[in-house]
Amino acid sequence: VPATATAVAVNVSVTGAAAQGHIRLAPGNGLTESSAINFVAGVTRANNGVVPLATDATGSVSATNGSTGAVHLILDVAGYFE
């Protein structure tokens, strides 16, 4: 992803969840209350979306696990926006 990108198009998947919950994706220097994907224990789920990149020159994305258990997160970047 080039340094000039402002957002990324992603495929997000979760697997091996120990408990139900959700994943929130946000710019690395920001917060969101919107869920990118909801999941239940033992079920692999996938979704897609667009995530803005951090505005502090890091170009990062933050992922927050809104579950009481661990989960494996797979985040594939499919494209970007400038």
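Numbers here are sequence positions counted from 1. All of these numbers come straight from a predicted model, not from anything done at the bench.
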To the nearest 0.5 Å, tell me how far [X] [atom1] sits from [Y] [atom2].
X: Q20; Y: N38; atom1: CD; atom2: CG; answer: 9.5 Å
X: L53; Y: S62; atom1: CG; atom2: OG; answer: 12.0 Å
X: L31; Y: T64; atom1: CG; atom2: OG1; answer: 7.5 Å
X: S35; Y: L25; atom1: OG; atom2: CG; answer: 8.5 Å

Side chain to side chain donor-acceptor pair (under 3.5 Å): pairs with one or both residues in residues 10-19, sequence neighbours excluded: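 Applying side chain to side chain donor-acceptor pair (under 3.5 Å) to every pair that reaches into residues 10-19, excluding sequence neighbours, yields T15-T44.
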Ignoring hydrogens and angles, write down the donor-acceptor pairs under 3.5 Å from the side chains of residues 72-82, residues two or more places apart or on other chains.
from : atom 1 : to : atom 2 : distance (Å)
E82  : OE2    : T4 : OG1    : 2.2

How would you list, by chain and number, every residue that makes a side chain to side chain donor-acceptor pair (under 3.5 Å) with [X], sequence neighbours excluded?
X: T6; answer: none
X: N47; answer: none
X: S60; answer: T58

Connected-component partners of V40 among ILVMFWY, side-chain separation under 4.5 Å: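 Grouped by the 4.5 Å side-chain rule, V43 form the rest of the cluster around V40.
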For A17, all residues meeting side chain to side chain contact (heavy atoms under 4.5 Å, CB included), sequence neighbours excluded: F39, V71
Contacts of P52 that satisfy side chain to side chain contact (heavy atoms under 4.5 Å, CB included) - sequence neighbours left out: P27
Shortest non-hydrogen separation from S67 to A19 and the atoms involved: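 That would be OG-O, 3.4 Å.
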Pairs involving residues 62-72, ordered by first then second residue, that meet salt bridge (charged side-chain N to carboxylate O under 4.0 Å, His left out) (sequence neighbours left out): none
Selection residues 42-64 - residue pairs positive for salt bridge (charged side-chain N to carboxylate O under 4.0 Å, His left out), sequence neighbours left out: none
Audit row: I23, V14, side-chain contact (heavy atoms from CB on, under 4.5 Å) steps and yes/no: CA-CA 9 Å; I23 298 290; V14 293; 3.8 Å; yes
Close side-chain approach of V50 and V10, heavy atoms under 4.5 Å: no
R24: salt bridge (Lys or Arg N to Asp or Glu O under 4.0 Å) partners, not counting sequence neighbours: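 Partners of R24 by the salt bridge (Lys or Arg N to Asp or Glu O under 4.0 Å) criterion, ordered by chain and then number, come out as E33.
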